[in-house]
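Remember, it's a predicted structure, so these values are computed and weren't measured experimentally.
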Amino acid sequence: MKPPRIHVMAAVIRRNGRILIAKRPDSAHQGGLWEFPGGKLDASETREAGLRRELREELGIEVTSARPLIDICYDYPDKSVRLDVWLVDDFDAEAHGAEGQPIRWVAPAELTQFEFPLANAPIVTAARLPELYLVTPDTPDITQLVQGLEHARSQSLSMVQLRQTGLGPSEYKDAAKQLIERFGSDFIWIFKGSKPPTGADGWHLTSTQLRALHQAGWCKGESFAGGLFAAGPSLLPEEDAGWERPPGREEFECWDGLLAASCHDEREMQMAADIGADFVTLSPVLPTSSHPGAGHLGWDRAAELVAITNLPVYLLGGLSAEDLDRAFQAGAQGIAGISGLWPD
């Protein structure tokens, strides 16, 4: 019989723009690696009580503000764990290694320089991603985009998907260049397109691209023969979703930046995990003005789908920043949106 999964409470602890990590004892499971502090939940404890106790014992702090961040189930060869990870953004006392363990405060971007247990990889991603994922509206007016992004920056939105499906490849490239020249590293830039983008932090796949790449056996970090997708950032027609690896074509270079994918059901979320996506959007959660009368997931089904993946999930469709708390309780990374986040 398979042993029961060990329920571990863990914390991404933030203070002054930095995140606390601790080093595991050499004698422990996955010893010598860095981790996000926490420990085993006792059978009689609530999740939040267990988190507070573990951080008090390990770091000598008293948690005053915390919320769920990501929930991960992972099977090592010798044990199975559930990492129930919460974001802690306020606490009393000075954090220290109360059990003698080394600790460090590091910038989010520095997390990738440390070696963590394999199960922690999605936590590292979740710790680096913001709560809101802004998607630009479909407009060819670069002035309108600039004005909207100026406002977004003033509201501390920090990750932007340049959608612009109505632009051809060269127009899209020109718009992207102008926006990056103006805003630089003020945003995490996520681009759409038929191949890995140049100058962006991330590449967001449509669900059609996701299905095609999954069918062809591609995974993040691998090169791939070109010609899989039609030119430009626009969607492939559904009949083209079954393309296989085309022989004898020029290959595009492997993509090691952030990889995101648009998902609408359980199958697509599993595909995203299979190809090594870092995060996904899940939609539509609620009815949207752009698709009146179309079906939607609803909050309960969205929460069920979030629970089956180990990836950070942004909920999309009919939502705004006012829905953040409900999204967190559903296990999501946060909210993605166009009309719900873009200024009027």
Quick one: does [X]'s side chain have a donor or acceptor within less than 3.5 Å of a partner on [Y]'s backbone?
X: Ser262; Y: Ser207; answer: no
X: Trp203; Y: Gly193; answer: yes
X: Asp42; Y: Ser44; answer: no
X: His96; Y: Glu94; answer: yes
X: Gln164; Y: Thr139; answer: yes
X: Gln333; Y: Ala126; answer: yes

Distance, nearest 0.5 Å, that separates [atom1] of [X] from [atom2] of [Y]:
X: Met9; Y: Arg47; atom1: CE; atom2: CZ; result: 5.5 Å
X: Arg82; Y: Arg5; atom1: CZ; atom2: CZ; result: 9.5 Å
X: Asp71; Y: Ile123; atom1: CG; atom2: CD1; result: 10.0 Å
X: Leu205; Y: Ser194; atom1: CG; atom2: OG; result: 11.0 Å
X: Gln161; Y: Leu316; atom1: CD; atom2: CG; result: 8.5 Å
X: Gln147; Y: Leu149; atom1: CD; atom2: CG; result: 10.5 Å

Compare all side-chain heavy atoms of [X] with those of [Y] and state whether any distance is below 4.5 angstrom.
X: Phe91; Y: Leu59; result: no
X: Asp84; Y: Leu41; result: no
X: Arg301; Y: Glu266; result: yes
X: Leu341; Y: Tyr133; result: no
X: Leu51; Y: Val88; result: yes
X: Val124; Y: Phe114; result: no
X: Ile188; Y: Leu258; result: yes
X: Trp299; Y: Leu286; result: yes

| The single option from Gln178, Glu171, Arg182 passing side chain to side chain contact (heavy atoms under 4.5 Å, CB included) against Ile142 |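 Of Gln178, Glu171, Arg182, side chain to side chain contact (heavy atoms under 4.5 Å, CB included) with Ile142 is met by Gln178 alone.
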Can you list every salt bridge (charged side-chain N to carboxylate O under 4.0 Å, His left out) pair that touches [range], not counting sequence neighbours?
range: residues 100-120; answer: Arg18-Glu110
range: residues 54-65; answer: Arg53-Glu57, Arg56-Glu62
range: residues 116-128; answer: none
range: residues 274-283; answer: Lys220-Asp278

Atom of [X], atom of [Y] and distance for their closest heavy-atom approach:
X: Asp256; Y: Gly221; result: OD1-CA, 3.5 Å
X: Ser283; Y: His264; result: O-CD2, 3.1 Å
X: Arg14; Y: Ala127; result: NH2-O, 3.1 Å
X: Pro130; Y: Met159; result: CG-CB, 3.7 Å
X: Gln101; Y: Ala22; result: CG-CB, 4.2 Å
X: Tyr172; Y: Phe191; result: OH-CA, 3.4 Å

Taking atom [atom1] of [X] as the centre, does the number of heavy atoms from other residues, nucleotides or ligands within less than 6.0 Å exceed 12?
X: Asp78; atom1: CG; answer: yes
X: Glu322; atom1: CD; answer: no
X: Glu181; atom1: CD; answer: yes

Test salt bridge (Lys or Arg N to Asp or Glu O under 4.0 Å) applied to [X] - qualifying residues, sequence neighbours left out:
X: Glu99; value: none
X: Asp201; value: none
X: Arg326; value: none

| task | Please determine if Lys192 and Asp138 form a salt bridge, counting it only when a charged side-chain N lies under 4.0 Å from a carboxylate O. | result |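 No salt bridge links Lys192 with Asp138.
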| task | Determine, for Asp89 against Arg67, whether the closest basic-nitrogen to carboxylate-oxygen distance falls under 4.0 angstrom. | result |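 Salt bridge between Asp89 and Arg67, a charged N being under 4.0 Å from a carboxylate O: no.
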| task | Tell me, with the steps shown, if Phe279 and Thr309 meet side chain to side chain contact (heavy atoms under 4.5 Å, CB included). | result | CA-CA 10 Å; Phe279 67 92; Thr309 185; over 6 Å; no
| Summary of ring-ring contact (aromatic ring centres under 6.0 Å, His included) pairs that have at least one residue in residues 49-82, sequence neighbours excluded |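 Residue pairs passing ring-ring contact (aromatic ring centres under 6.0 Å, His included), neighbours aside: His29-Tyr76, Tyr74-Tyr76.
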| said: I need the full list of ring-ring contact (aromatic ring centres under 6.0 Å, His included) pairs touching residues 39-61, with sequence neighbours left out, sorted by first then second residue. | reply: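 Checked against ring-ring contact (aromatic ring centres under 6.0 Å, His included) - neighbours excluded - no pair reaches residues 39-61.
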Same apolar cluster (I L V M F W Y, side chains within < 4.5 Å links), [X]/[Y]:
X: Leu129; Y: Ile70; result: no
X: Leu162; Y: Leu134; result: yes
X: Leu319; Y: Met269; result: yes
X: Val8; Y: Trp86; result: no
X: Val313; Y: Leu305; result: yes

| request: May I ask you to decide if the ring planes of Phe183 and Trp189 are parallel, tilted or perpendicular, using 30° and 60° as cut-offs? | output: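 Phe183 and Trp189: tilted rings.
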| query | Between Leu259 and Ile275, is a side chain to side chain contact (heavy atoms under 4.5 Å, CB included) present by the stated rule, with each step listed? | reply | CA-CA 9 Å; Leu259 182 66; Ile275 70 167; 4.1 Å; yes
| What do the steps show when you test Asn310 against Leu83 for side chain to side chain contact (heavy atoms under 4.5 Å, CB included), and what is the final call? | CA-CA 10 Å; Asn310 287 339; Leu83 299 179; over 6 Å; no
| Any residue meeting side-chain contact (heavy atoms from CB on, under 4.5 Å) with Lys23, in chain and number order, not counting sequence neighbours |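 Result, side-chain contact (heavy atoms from CB on, under 4.5 Å) vs Lys23: Trp34, Pro102.
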| query | Among all residues two or more places apart in sequence or in another chain, which pass the side-chain contact (heavy atoms from CB on, under 4.5 Å) test with Ala272? | reply |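 Result, side-chain contact (heavy atoms from CB on, under 4.5 Å) vs Ala272: Leu210, Ala261, Cys263, Ala277, Val280, Leu311.
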| message | Starting from Val135 and following side-chain heavy-atom contacts under 4.5 Å between hydrophobic residues (I, L, V, M, F, W, Y), which residues can be reached? | response |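 Its cluster mates, by chain and number, are Ile338.
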